[in-house]
Structures are given as structure tokens and as C-alpha cells.
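Starting from 1, each residue takes its place in the sequence as its number. Note that this is a predicted model, so its numbers are computed, not measured.
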Amino acid sequence: MCPNLMSRVNHVPKIDKIVLNCGIGEAAQNAKGLDAAMNDLALIAGQRPVKTRARNSIATFKIREGQPLGIAVTLRGNVMFSFLDRLINLGLPRTRDFQGVSTSSFDGHGNYSIGIREQGVFPEIKFDLSGKPRGMDVCISTTANTDQEAQKMLALMGMPFREGGGGSATGLPKKKKLKAHHFDPKAKGKSSRRR
């Protein structure tokens with residue numbers, strides 16, 4: 001048997017890295033706002049974030065080249081699994097009106113993205129100390145080849161996927177439920193007469 005085929009048979013997907021990023025918006029002009037955002041993300045991630053800077057100047061949006069636009073942190077190893085555990089067991093259940101995460105946020109290559117509206121769902125962030133509520137994006141990068149493999153792996157790790165809603169990871173569109181008047185040939189004639 002070919003060694004490449006053997007490794008494919010026994011391949012088990014795993015999480016490669018988790019990237020957290022947060023746009024800082026108007027805090028780019030305010031040094032205190034930028035430092036507060038960096039401190040909050042450092043508390044959540046357990047690792048110091050880096051500033052992401054503009055590559056080009058865009059006059060319409062008042063953006064200059066090199067100006068900080070956001071902050072990002074890449075997690076790997078034990079820090080990554082610690083964050084994922086806190087996200088699944090503490091962060092997501094504390095979000096308002098939480099009914100599960102959508103299954104339609106896979107990118108087609110086994111990577112999954114979640115948007116969190118408020119960082120205050122994490123217990124490290126104190127509500128009284130945080131000023132304006134900030135959101136953040138969580139991108140989970142896996143070694144899975146398909147979205148189905150990645151979804152199954154994340155579900156086994158405890159990711160609370162929404163039951164029956166939010167699209168499907170199979171990529172097939174949901175079928176539209178047909179009503180009784182769609183099958184009645186007389187109803188077609190009636191609808192054309194009404195016009």
C-alpha cells in the first residue's frame with residue numbers, strides 16, 4: 001500500500017491556530033483608546049496583540065499609510081486550547097439571546113469564523129472598567145480538508161452549533177417548502193387572472 005494513501009486514511013483533523021482580531025475604529029486617533037483595546041484583548045487571549053496598520057492611504061476614509069486600524073493575536077498550543085475552552089464554556093453561553101453558532105460560517109477549506117459583538121462576555125473584562133463595548137472576530141484554522149470534517153471535529157470538542165438553522169455545512173441550498181396551491185393547476189389560472 002502506498003504510504004501517502006495510508007496517511008490519508010488515518011488522517012484526523014486538528015486545530016492549527018486561532019486568530020483573534022479587533023477593529024479599533026475611532027480609537028486609532030486616540031492613544032488611550034488603542035491601549036485600552038490592546039489591554040482588553042491581551043486579557044482575553046493571554047498573549048499581547050500586535051497592531052495591524054494600513055498598507056495604503058485612502059483619503060475618503062481619512063486613512064493614512066501606516067496608521068493603526070486594528071489589533072490581532074495568533075494563538076497556538078496550550079494558550080489556544082485554553083482560549084477555546086473559555087470561548088465554548090464561558091463566552092458563548094453568556095452572549096445575549098444565544099441559540100447556538102451558525103454552521104454556515106465555514107470557508108470551504110475547513111476553517112471557521114465567529115463574530116462576537118461584545119468582549120464583555122469573557123469574565124476577564126470588567127463591565128465598569130471597559131468604556132465603549134468592542135466586538136471581535138475569532139477565526140479557527142483547522143487541518144481538515146472539508147467543512148464537514150471541521151464541523152464534526154468542533155462539535156465533538158463542544159462547539160454549540162445551532163440545531164437545524166443557519167444553513168448547512170454541506171454547501172447544499174435549503175429546499176423551499178412548497179404549499180398546496182403550487183400543485184393545484186386551477187390556482188395558476190386564478191393567479192394569472194388577478195393580474
Side-chain angles (χ1 to χ4, degrees), residues 7 10-25 27-28 30-55 67-96 98 100-162 169:
S7 64
N10 297 324
H11 177 147
V12 176
K14 62 181 183 178
I15 297 178
D16 186 31
K17 63 183 176 181
I18 296 178
V19 179
L20 310 175
N21 57 43
C22 172
I24 51 175
N30 182 4
K32 287 185 180 178
L34 180 60
D35 288 343
M38 287 188 74
N39 291 335
D40 287 349
L41 196 59
L43 281 173
I44 292 169
Q47 192 172 307
R48 191 80 180 158
V50 296
K51 297 174 189 172
T52 55
R53 299 183 179 274
R55 293 184 186 139
Q67 178 181 355
L69 295 178
I71 49 179
V73 61
T74 303
L75 305 176
R76 288 186 171 90
N78 291 335
V79 178
M80 172 185 72
F81 287 111
S82 172
F83 171 77
L84 187 64
D85 181 42
R86 283 184 290 121
L87 175 71
I88 291 171
N89 296 318
L90 295 175
L92 291 176
R94 288 180 66 181
T95 57
R96 188 178 301 162
F98 181 69
V101 292
S102 173
T103 56
S104 63
S105 296
F106 286 93
D107 68 346
H109 301 288
N111 303 318
Y112 187 65
S113 299
I114 307 171
I116 297 174
R117 289 179 188 238
E118 289 186 10
Q119 293 178 353
V121 297
F122 289 96
E124 295 87 4
I125 304 297
K126 304 278 189 288
F127 278 112
D128 14 340
L129 297 178
S130 65
K132 186 181 175 187
R134 289 184 203 89
M136 68 179 193
D137 295 325
V138 179
C139 302
I140 302 171
S141 177
T142 67
T143 59
N145 294 325
T146 63
D147 291 346
Q148 292 86 358
E149 289 178 8
Q151 183 181 354
K152 184 69 175 173
M153 179 194 62
L154 290 173
L156 289 172
M157 293 183 88
M159 184 67 74
F161 287 109
R162 193 175 300 146

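Judged purely by atom type and a 3.5 angstrom limit, Ser141 has no side-chain atom pairing as donor or acceptor with the backbone of Lys17. Distance alone, capped at 3.5 Å, is enough to place a donor-acceptor pair between the Thr143 side chain and the Lys14 backbone. Under a 3.5 Å cut-off, the side chain of Thr142 and the backbone N or O of Gly110 do form a donor-acceptor pair.
With contacts defined as side-chain heavy-atom distances shorter than 4.5 Å, the pair Leu41/Gln119 qualifies. Within the 4.5 Å cutoff, the side chain of Thr146 has no heavy atoms near those of the Phe106 side chain. In this structure, the side chains of Arg94 and Pro123 come closer than 4.5 Å at one or more pairs of heavy atoms. Taking the side chain as every heavy atom from C-beta outward, Glu118 and Ile125 never approach each other to under 4.5 Å.
The minimum heavy-atom distance linking Val79 with Ala45 is given by the pair CG1-O, 3.4 Å. The two residues Ala54 and Leu69 come nearest to each other via the heavy atoms CB-CD1, 3.7 Å. The two residues Ile88 and Gly158 make their nearest non-hydrogen contact at CG2-O, 3.1 Å. When all heavy atoms of Ser105 and Ser113 are compared, the closest pair comes out as CB-O, 3.2 Å. Contact between Arg134 and Cys22 at its shortest, heavy atoms only, is CD-SG, 4.2 Å. Considering all non-hydrogen atoms of both residues, Thr52 and Ala72 come closest at CG2-CB, 4.0 Å.
For the atom pair Asp16 CG and Ile140 CD1, the distance stands at 12.0 Å (nearest 0.5 Å). Taken to the nearest 0.5 Å, the CG atom of Leu43 stands 9.5 Å off from the CZ atom of Arg48. Note that CD of Gln148 and CD of Gln151 are 8.0 Å apart. Values are rounded to the nearest 0.5 Å. Distance check, rounded to the nearest 0.5 Å: NE2 of His109 to CG of Asp147 gives 8.5 Å. Between Leu34 atom CG and Asn39 atom CG the span is 9.5 Å, to the nearest 0.5 Å. If you take CE on Met153 and CD1 on Ile15, they are separated by 4.5 Å, rounding to the nearest 0.5 Å.
Counting non-hydrogen atoms of other residues, nucleotides and ligands closer than 6.0 Å to CZ of Arg117 gives a total of 12 or fewer.
Phe81 is linked by a ring pair (Phe, Tyr, Trp, His ring centres under 6.0 Å) to nothing, counting only residues two or more places apart in sequence or in another chain.
The aromatic rings of Tyr112 and Phe161 sit perpendicular, their planes meeting at an angle over 60°, well past the 30° parallel limit.
Shown are Leu75, Leu84, Asn21, Ile18; of these, the side chain to side chain contact (heavy atoms under 4.5 Å, CB included) with Val138 is made only by Ile18.
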